[in-house]
Number of protein chains: 2
Amino acid sequence: MRGPEPAQTLAETVAARIREQVISGMLTPGSHLSELTLSEELQVSRNTLREVFRLLTKEGLLRYEANRGVFVSTPSMSTIIDIYRVRRFIECSAMAQAHPRHPGARNMRAAVETAHHCREARDWLGVGSADIAFHAAVVELADSPRLSSFYAQISLELRLVFGLLQDPEFLHGPFIDQNLTILTELENGRPAVATEMLEAYLLRAERFILGAYARIAER
Amino acid sequence: MRGPEPAQTLAETVAARIREQVISGMLTPGSHLSELTLSEELQVSRNTLREVFRLLTKEGLLRYEANRGVFVSTPSMSTIIDIYRVRRFIECSAMAQAHPRHPGARNMRAAVETAHHCREARDWLGVGSADIAFHAAVVELADSPRLSSFYAQISLELRLVFGLLQDPEFLHGPFIDQNLTILTELENGRPAVATEMLEAYLLRAERFILGAYARIAER
DNA sequence: CATGTCTATAGTGTTGAACAATCAATGCAC
DNA sequence: GTGCATTGATTGTTCAACACTATAGACATG
């Protein structure tokens with residue numbers, strides 16, 4: 001799914017790398033990123049690293065504190081609530097006005113199939129990625145580059161939450177089949193039904209995530 | 001409307017300054033920003049300036065070209081179309097689910113009044129700002145920080161378009177009163193009507209802007 | 001023992017200079 | 001006029017330095 005991107009600048013390369021480490025949980029929320037330490041570890045200069053930090057801060061993955069440096073963002077309950085509010089907002093509107101034969105629908109189907117393969121292989125991280133890809137495809141139905149890129153950011157933050165919650169089988173397992181049902185309704189020319197199901201899906205997922213979050217937060 | 005922000009970092013200060021220059025038209029779309037020249041002009045080091053560039057590039061005001069530097073973004077027709085698609089998406093959804101006594105409604109009223117004062121004073125830039133503030137307040141009705149900050153970015157790009165088009169009286173004059181009408185409908189507990197009017201407003205505004213753009217583009 | 005002040009130290013904020021890599025223009029040969 | 005090498009300017013990146021801020025530990029005081 002990801003080809004070797006051509007002439008990237010070093011800062012973007014490093015940004016991609018840190019992004020990976022953050023959403024894979026290697027860098028845990030709240031931890032401090034020392035400019036000196038990280039620059040040595042990644043073999044880049046402090047200045048370049050600071051450019052990277054600015055990038056990732058705008059993406060919402062990192063958080064600045066004046067004279068104290070950058071930290072990995074720590075999603076709170078209100079973060080989760082906001083993310084799902086945005087998701088309902090955008091995904092449902094996109095779905096409601098969708099044409100069944102829109103290219104985005106093809107991507108939705110591809111994502112569903114990937115999710116099933118990954119489930120059979122018990123690759124739960126893959127399932128998570130496929131789930132996110134499915135919903136990104138939903139947003140594509142709106143045909144708006146800006147909306148899609150905004151949604152990509154939201155997805156990043158959501159992955160941060162997922163990393164916090166662990167137990168991806170429990171998180172994603174119940175939702176795979178619902179994506180297929182939603183897609184089927186859309187393909188059969190019933191976008192209104194699909195939209196309704198999507199909203200229900202998102203509300204349920206939000207409660208689900210919030211519950212899991214509360215459970216780990218109260219320790 | 002803007003107090004003296006306290007302990008900002010230098011990069012953010014400079015970013016704010018360049019932002020001003022871009023949306024005020026002092027830096028015209030397409031022009032090249034030389035790192036050396038600008039750093040001397042703004043009395044900051046190249047490194048700091050590059051941090052700023054990364055910031056503003058993420059905001060969509062600047063555009064990178066590998067090994068060629070940064071340029072002020074040049075909105076195209078598809079940019080305008082996308083911006084208005086997003087606006088209809090977000091503003092209309094926000095309005096449709098709005099409660100008439102939401103704090104955002106107060107900000108809408110304040111913006112309308114500001115717009116009228118500015119019109120009497122023939123301060124057309126002020127009118128433009130107030131118009132944008134009005135619609136930002138509409139988005140506030142959705143109670144989502146992420147949605148609001150995304151919309152703020154879109155507004156920035158829109159201001160870039162406005163700067164390109166000149167003639168702000170012609171641009172904003174016809175739309176002031178419609179904002180008031182929309183607000184009144186909302187306050188009177190008819191959000192559905194307000195939404196309909198808002199969508200019509202946005203469609204008309206889009207055609208309006210596209211027309212003006214086509215006129216200056218064909219020279 | 002508790003509390004407040006002071007100082008040392010580690011980390012960030014910012015700068016200036018340096019060098020390699022790349023793009024754009026110039027000039028030259030054909 | 002076209003193709004090609006040289007040159008100049010600009011970006012990409014690094015490094016070393018210093019001012020400034022915050023945090024922790026030592027110390028004095030009650």
Side-chain angles (χ1 to χ4, degrees), chain A residues 2-22 26-74, chain B residues 2-22 26-74:
Chain A
R2 182 186 322 275
E5 316 225 343
Q8 274 185 132
T9 177
L10 179 58
E12 293 167 45
T13 309
V14 173
R17 190 149 160 206
I18 296 186
R19 222 180 272 123
E20 281 300 319
Q21 296 197 7
V22 168
M26 216 171 305
L27 291 173
T28 67
S31 61
H32 181 198
L33 300 189
S34 158
E35 297 186 351
L36 197 60
T37 309
L38 247 190
S39 66
E40 287 171 358
E41 200 172 313
L42 300 177
Q43 303 275 48
V44 299
S45 82
R46 266 184 74 208
N47 290 313
T48 303
L49 189 58
R50 284 175 62 88
E51 288 186 26
V52 174
F53 284 169
R54 287 254 129 86
L55 259 295
L56 297 178
T57 299
K58 273 276 176 195
E59 289 180 11
L61 286 186
L62 303 183
R63 177 177 40 85
Y64 253 93
E65 272 180 45
N67 292 312
R68 299 206 45 224
V70 299
F71 302 76
V72 180
S73 294
T74 62
Chain B
R2 178 188 325 274
E5 316 226 342
Q8 278 185 131
T9 177
L10 179 58
E12 294 169 43
T13 309
V14 172
R17 190 149 160 208
I18 296 186
R19 223 181 271 124
E20 281 300 319
Q21 297 196 6
V22 167
M26 217 171 305
L27 290 173
T28 66
S31 60
H32 181 200
L33 300 188
S34 158
E35 296 185 352
L36 197 60
T37 309
L38 246 190
S39 66
E40 287 171 358
E41 200 171 313
L42 300 178
Q43 302 273 50
V44 298
S45 82
R46 263 184 76 207
N47 288 314
T48 304
L49 189 59
R50 284 175 62 89
E51 287 186 28
V52 173
F53 284 169
R54 285 255 132 84
L55 258 299
L56 297 178
T57 299
K58 273 277 176 195
E59 289 180 11
L61 286 185
L62 304 183
R63 177 177 41 85
Y64 254 93
E65 273 180 44
N67 292 312
R68 299 209 41 224
V70 298
F71 302 76
V72 180
S73 294
T74 61

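These numbers come from a predicted model, not from an experiment. Here is how names work: the chains are called A, B, and so on, in the same order as the sequence lines, proteins then strands, and each is numbered from 1. Values below: all heavy atoms of this structure, side chains included; hydrogens, waters and symmetry mates excluded.
- One can place CD of Glu40(B) at 11 Å from P of dA17(C), the figure rounded to the nearest angstrom.
- Note: Phe53(B) and Tyr64(B) have perpendicular aromatic rings, judged against thresholds of 30 and 60 degrees for the angle between ring planes.
- Ser73(B) places a side-chain N or O within donor-acceptor distance of the main-chain N or O of Leu61(B), the cut-off being under 3.5 Å.
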Reading 5' to 3' through nucleotides 4-19 of chain D, protein heavy-atom contacts under 4.0 Å coded B for base, S for sugar-phosphate only, - for none: -------BBBBB-B--

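- Between Val52(B) and the choices Leu42(B), Leu38(B), Leu10(B), Val14(B), the side chain to side chain contact (heavy atoms under 4.5 Å, CB included) rule is met once, by Val14(B).
- For Gln43(B), there are no side-chain hydrogen bond (donor to acceptor under 3.5 Å, both in side chains) partners two or more places apart in sequence or in a different chain.
- Atom CZ of Phe53(A) and atom C1' of dG13(C) are 14 Å apart (whole Å).
- Contact of the Lys58(B) side chain with the Arg54(A) side chain is not registered, since no non-hydrogen atoms from C-beta on lie closer than 4.5 Å.
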